[in-house]
Amino acid sequence: DYWNEHHSPDHDERIATILYGIDNLHHDDLDPSIALHIIEEFIQFDWWAGVALAFDLCSSAVEMLDDIPTAAVPTLLSVLVRRCKKLTIWNFIIERQDILKIN
């Protein structure tokens, strides 16, 4: 039932994790690796607006996306284009020049 599903300890823990992540993303001196960890948690929760928020608030996290396989770039770029600020998208494209190369 809806009440039990949305008032379970698991649900409360997810909400606490999201709120804690958002709070940390607002710190100016946040380490990009911590931002990536927060992004991974948001992805596990399927909260794509949170992923976009994290990239927008911590643009240095975009710089750490070098190891994302080229095959996954279109999906990530799709999320960024639909939900992020243009500057975030621009930073991603600058960091991943390899996706612009034509063989």
Side-chain angles (χ1 to χ4, degrees):
D1 118 280
Y2 182 84
W3 178 259
N4 290 333
E5 179 182 334
H6 290 85
H7 291 86
S8 67
D10 182 50
H11 180 75
D12 293 344
E13 183 178 330
R14 286 177 36 180
I15 296 298
T17 301
I18 288 171
L19 292 174
Y20 182 73
I22 292 170
D23 179 55
N24 280 321
L25 289 169
H26 282 88
H27 295 188
D28 291 334
D29 59 345
L30 182 66
D31 185 86
S33 63
I34 294 172
L36 278 181
H37 178 72
I38 293 168
I39 290 168
E40 288 171 0
E41 289 179 334
F42 289 171
I43 290 170
Q44 287 177 355
F45 298 149
D46 289 329
W47 189 44
W48 298 104
V51 172
L53 176 69
F55 281 126
D56 283 340
L57 291 176
C58 187
S59 60
S60 58
V62 172
E63 298 168 8
M64 297 187 69
L65 298 176
D66 323 4
D67 53 344
I68 287 184
T70 305
V73 169
T75 303
L76 176 61
L77 197 53
S78 173
V79 170
L80 293 176
V81 166
R82 284 183 285 130
R83 297 182 178 259
C84 289
K85 296 176 184 174
K86 288 179 179 63
L87 183 59
T88 302
I89 300 162
W90 180 252
N91 288 336
F92 176 74
I93 292 171
I94 287 172
E95 289 298 319
R96 289 300 304 257
Q97 291 286 316
D98 60 305
I99 64 174
L100 301 175
K101 291 181 184 174
I102 300 173
N103 293 334

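Not measured: the values here are computed from a predicted model.
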Connected-component partners of Ile94 among ILVMFWY, side-chain separation under 4.5 Å: Trp90
Summary of ring pair (Phe, Tyr, Trp, His ring centres under 6.0 Å) pairs that have at least one residue in residues 44-66, sequence neighbours excluded: Phe42-Trp47
Please name the pair of heavy atoms, one in Ala71 and one in Pro74, separated by the smallest distance, quoted to 0.1 Å. O-CD, 3.4 Å
Ala72: partners by side chain to side chain contact (heavy atoms under 4.5 Å, CB included), with sequence neighbours left out: Ile68, Pro69
Tell me, which pairs form a side-chain hydrogen bond (donor to acceptor under 3.5 Å, both in side chains) where one or both residues lie in residues 13-30, sequence neighbours left out? none
Those residues at least two apart in sequence (or on a different chain) that pass side-chain hydrogen bond (donor to acceptor under 3.5 Å, both in side chains) with Thr75 are none
State which residues pass side-chain hydrogen bond (donor to acceptor under 3.5 Å, both in side chains) with Arg83; sequence neighbours excluded, sorted by chain then number. none
Taken in chain and number order and not counting sequence neighbours, the residues that satisfy side chain to side chain contact (heavy atoms under 4.5 Å, CB included) with Leu87 are Asn91
Indicate the atoms forming the closest heavy-atom contact of Cys84 with Ile89, along with that distance. O-CD1, 4.0 Å
Under a single-linkage definition using a 4.5 Å side-chain heavy-atom cutoff for Ile, Leu, Val, Met, Phe, Trp and Tyr, are Leu25 and Ile15 assigned to the same hydrophobic cluster? no
NZ of Lys85 to CG of Leu53, rounded to nearest 0.5 Å, is 8.5 Å
Residue pairs involving residues 49-60 (criterion side-chain hydrogen bond (donor to acceptor under 3.5 Å, both in side chains); sequence neighbours excluded): Asp56-Thr88
What side-chain donor-acceptor pairs closer than 3.5 Å can you find for residues 30-40, not counting sequence neighbours?
unit_1, atom_1, unit_2, atom_2, d
Asp31, OD2, Ser33, N, 2.9
Asp31, OD2, Ser33, OG, 2.2
His37, NE2, Glu41, OE2, 3.2

